[in-house]
Amino acid sequence: MHYYRYSTAEVSCCYKYLLFSYNIIFWLSGMVLLGVGLWAWSEKGILSDITKVTRLHGFDPVWLVLVVGVIMFTLGFAGCVGALRENICLLKFFCGAIVLIFFMELAVAVLAFLFQDWVKDRAKDFFENNIKSYRDDIDLQNLIDSLQKANQCCGAVSPDDWDLNEYFNCSVENPSRERCGVPFSCCVPDPAQTVVNTQCGYDARRKKPNERPNTTFSKGCISALEAWLPRNIYIVAGVFLVISILQIFGIYLARTLMSDIEAVKAGYRF
């Protein structure tokens with residue numbers, strides 16, 4: 001193993017390049033996420049008219065991609081350059097940010113467990129607000145469709161939540177062909193169909209309540225997610241554990257490298 005030679009202390013190349021390798025993955029992943037997010041905005045014309053961002057009423061999934069991309073890119077850059085250049089300031093920034101994120105994740109998990117009813121109400125409000133904007137953003141539309149198909153659910157609490165959307169509400173003034181319907185992702189799939197019927201939800205809520213379960217999902221997505229979590233608690237816990245271990249490992253590498261650098265500097269002064 002190669003070491004830099006100083007009179008009193010040495011910086012371990014093992015920790016130095018291990019920290020660099022650890023961070024280069026996040027740096028490159030952050031670049032990819034940023035590229036995907038900017039490409040998605042370009043496809044929606046937001047880059048050519050940035051004011052469109054303020055006119056989006058629902059949740060734009062691209063925002064999540066961009067925020068995660070910026071965080072990963074920034075931390076990866078600080079960790080890579082800090083390790084290669086043995087820069088204490090960048091390493092402290094990297095270590096402090098990882099510690100902050102770790103405790104924020106822990107706090108969110110604890111608070112979500114303690115205040116489950118509050119979380120459920122906020123999730124319901126969030127889902128209903130995005131139902132209103134379903135047709136306004138293609139990415140949001142795809143996200144809701146994926147969620148409903150994967151969990152075999154429809155709406156926040158029931159399919160009638162789609163009355164909140166101007167295209168699906170049952171008011172007489174609504175000229176849309178989708179009036180009193182639901183999105184195709186609410187439809188019970190027909191094994192005999194090889195092509196997705198995007199019009200299967202038309203007039204779905206005009207049917208009698210006892211006929212609806214045959215054609216559309218009757219369960220709301222909030223209750224579906226509540227049922228999903230206990231069934232997959234070990235997967236969720238495993239993912240959280242792996243993320244926590246990676247974060248603690250990064251903190252350990254950064255702290256060890258900083259200790260080596262500080263020891264070298266202290267020995268060099270004397």
Side-chain angles (χ1 to χ4, degrees), residues 1-44 46-48 50 53 59-112 139 235-270:
M1 186 182 298
H2 175 71
Y3 290 90
Y4 292 106
R5 296 297 177 184
Y6 294 91
S7 56
T8 56
E10 300 168 325
V11 175
S12 170
C13 282
C14 177
Y15 288 118
K16 178 176 179 176
Y17 290 109
L18 195 56
L19 182 61
F20 172 79
S21 301
Y22 174 91
N23 280 283
I24 195 67
I25 298 172
F26 292 99
W27 191 10
L28 294 176
S29 299
M31 291 178 64
V32 171
L33 290 176
L34 282 174
V36 170
L38 293 174
W39 171 79
W41 267 6
S42 174
E43 289 293 302
K44 292 192 286 189
I46 292 179
L47 294 184
S48 58
I50 201 67
V53 174
F59 171 69
D60 185 359
V62 178
W63 270 114
L64 181 61
V65 174
L66 288 173
V67 169
V68 173
V70 167
I71 293 173
M72 293 180 68
F73 179 85
T74 304
L75 292 181
F77 175 82
C80 286
V81 177
L84 285 180
R85 302 296 298 173
E86 298 177 9
N87 188 300
I88 291 288
C89 290
L90 287 176
L91 290 175
K92 283 184 176 180
F93 169 77
F94 167 78
C95 189
I98 294 293
V99 170
L100 178 63
I101 292 172
F102 175 78
F103 281 109
M104 285 178 63
E105 292 170 348
L106 194 61
V108 168
V110 172
L111 291 174
D139 292 322
I235 296 175
V236 175
V239 170
F240 182 79
L241 183 62
V242 169
I243 293 174
S244 300
I245 290 174
L246 287 174
Q247 290 173 330
I248 293 171
F249 182 59
I251 294 168
Y252 167 75
L253 291 177
R255 290 299 307 168
T256 303
L257 187 57
M258 281 191 290
S259 298
D260 281 1
I261 296 170
E262 287 169 350
V264 166
K265 288 183 176 180
Y268 183 75
R269 284 197 294 268
F270 293 99

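Heavy-atom basis, side chains included; hydrogens, waters and symmetry copies ignored. Not measured: the values here are computed from a predicted model.
Residues Val62 and Gly37 come closest through the heavy atom pair CG1-O, 3.4 Å. Between Cys95 and Ile251, the shortest heavy-atom distance links the atoms SG-CG2, 3.8 Å. Listed here is the closest heavy atom pair of Phe94 and Gly250: CE2-O, 3.8 Å. The shortest heavy-atom contact between Cys80 and Ile24 is SG-N, 3.4 Å.
Here Gln247 pairs with Glu105 under the side-chain hydrogen bond (donor to acceptor under 3.5 Å, both in side chains) rule; sequence neighbours left out. Val236 meets the side-chain contact (heavy atoms from CB on, under 4.5 Å) test with Trp228, Leu229; sequence neighbours excluded. Phe26 is linked by a ring-ring contact (aromatic ring centres under 6.0 Å, His included) to Tyr22, counting only residues two or more places apart in sequence or in another chain. Residues forming a side-chain contact (heavy atoms from CB on, under 4.5 Å) with Leu64 (at least two apart in sequence, or on another chain): Phe59, Val68. Partners of Ser259 according to the side-chain contact (heavy atoms from CB on, under 4.5 Å) rule, which considers only residues two or more places apart in sequence or in another chain, do not exist here.
Paired with Glu86 under the rule side chain to side chain contact (heavy atoms under 4.5 Å, CB included), one option of Ile261, Leu91, Val264 passes, and it is Ile261.
Atom OG of Ser29 is separated from atom CG of Leu34 by 11.0 Å, given to the nearest 0.5 angstrom. To the nearest 0.5 Å, atoms CG (Leu241) and CD1 (Ile245) are separated by 4.0 Å. Atom CG of Leu253 sits about 11.0 Å away from atom CE of Met258, to the nearest 0.5 Å. One finds the CG atom of Leu257 at 10.5 Å from the OH atom of Tyr17 (value rounded to the nearest 0.5 Å). Summarising the geometry, atom CD1 belonging to Ile101 is positioned 13.5 Å from atom CG belonging to Leu106; distances are rounded to the nearest 0.5 Å. The line from CG of Leu90 to NZ of Lys92 is 12.0 Å long, rounded to the nearest 0.5 Å.
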Report the C-alpha separation of Tyr252 and Tyr15 in whole Å, then their side-chain angles, then the decisive distance to 0.1 Å, and conclude whether the side-chain contact (heavy atoms from CB on, under 4.5 Å) test is met. CA-CA 10 Å; Tyr252 167 75; Tyr15 288 118; 3.1 Å; yes
Pair Leu33, Leu66 - check side-chain contact (heavy atoms from CB on, under 4.5 Å), show working. CA-CA 7 Å; Leu33 290 176; Leu66 288 173; over 6 Å; no
Residues 70-78 side chain polar contacts: donor-acceptor under 3.5 Å, at least two apart:
from	atom 1	to	atom 2	distance (Å)
Thr74	OG1	Val70	O	2.7

